Amino acid sequence: MSVRRVVPNIVTGTGDGTGDASGAMRANAAFYGLLGLDEVMNQGWIMTLASPSHPTAQVSIMTADRTGPVTPDLSVEVEDVDAVHAAVVRSGAEIVYGPADEEWGVRRFFVRDPNGRVVNVLSHG
């Protein structure tokens, strides 16, 4: 099984007190921009920032997961999500969501790690 990237997911509120998540996204993009990360994806509810020189060095900012029952703490992109899912099921770990084919082009599932953290395991279609 091959891991392509590991991305922490940081939960944010509306940021600016207006009830509009775009203010929080702008504030996070500005802050992490100071650290050298550029916006590479923004769907309104999730935004990913990455290093221009090392594009797999990333952080995602989320208001809430759009389709999953909880907001995951971490995302791990793998080469074959179904093979990883089978291994996780065999291990007895708790599957929290999926597997599911999402409209934005990923296949994913959520699993709870031994610390209670929810990990989003995904592959791009």
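Residue numbers count from 1 along this sequence. Just so it is clear, the model here is predicted, and its values are computed rather than measured.
- Residues Val59 and Val40 are members of separate hydrophobic clusters, defined by side-chain heavy-atom contacts under 4.5 angstrom among Ile, Leu, Val, Met, Phe, Trp and Tyr.
- A salt bridge links Glu103 with Arg66: the closest approach of a Lys/Arg side-chain nitrogen to an acidic carboxylate oxygen falls below 4.0 angstrom.
- One finds the CE atom of Met47 at 9.5 Å from the CD1 atom of Ile10 (value rounded to the nearest 0.5 Å).
- Within the model, atoms CG of Leu74 and CG of Asn120 stand 8.5 Å from one another, a figure rounded to the nearest 0.5 Å.
- Judged purely by distance below 3.5 Å, without hydrogens or angles, the side chains of Asn9 and Ser75 pair a donor atom with an acceptor atom.
- For Thr12 (side chain) and Ile61 (main-chain N/O), no donor-acceptor pair under 3.5 Å exists by modelled atom type.
- Ring geometry for Phe110 against Tyr97 counts as tilted: the plane angle lies between 30° and 60°, on a 0 to 90° scale.
- Once rounded to the nearest 0.5 Å, the distance linking CG of Asn28 with CG of Asn42 reads 10.5 Å.
- For the pair Ala50 and Pro55, the tightest heavy-atom approach, listed with the atom from each and the gap, is CB-O, 3.7 Å.
- Taking a cutoff of 4.0 Å between a charged side-chain nitrogen and a carboxylate oxygen, Asp73 and Arg112 do not qualify as a salt bridge.
- At a threshold of 4.5 Å between non-hydrogen side-chain atoms, the residues Ser51 and Leu37 count as touching.
- Separation of atoms OG1 (Thr48) and CD (Gln43) is listed at 8.5 Å; rounding is to 0.5 Å.
- Taking a cutoff of 4.0 Å between a charged side-chain nitrogen and a carboxylate oxygen, Asp82 and Arg107 qualify as a salt bridge.
- Each of Phe109 and Val96 belongs to its own hydrophobic cluster when Ile, Leu, Val, Met, Phe, Trp and Tyr are linked at side-chain heavy-atom distances under 4.5 angstrom.
- The two residues Ala24 and Gly13 have their closest heavy-atom pair at CB-O, 2.8 Å.
- In summary, of the residues considered (Leu49, Ile46, Val11), a side chain to side chain contact (heavy atoms under 4.5 Å, CB included) with Ser60 occurs for Ile46 alone.
- More than 12 non-hydrogen atoms from other residues, nucleotides or ligands lie less than 6.0 angstrom from CZ of Arg5.
- The closest side-chain donor-acceptor pair between Glu102 and Thr67 falls under 3.5 angstrom.
- Going from atom CZ of Arg108 over to atom NE2 of His124 covers 11.0 Å, rounded to the nearest 0.5 Å.
- Both Met25 and Leu35 belong to a single network of hydrophobic side chains, linked directly or stepwise wherever heavy atoms of I, L, V, M, F, W or Y lie under 4.5 Å apart.
- Leu122 and Val6 sit in two unconnected hydrophobic clusters of ILVMFWY residues. Membership requires side-chain heavy atoms under 4.5 Å apart, directly or through other members.
- No single ILVMFWY cluster, assembled from side-chain heavy atoms under 4.5 Å apart, contains both Val70 and Met62.
- Side-chain atoms of Glu77 and Val106, non-hydrogen and from C-beta on, never get closer than 4.5 Å to each other.
- Looking only at side-chain heavy atoms (C-beta outward), Val118 and Val111 stay at 4.5 Å or farther from each other.
- The shortest side-chain heavy-atom distance between Val78 and Val121 falls under the 4.5 Å cut-off.
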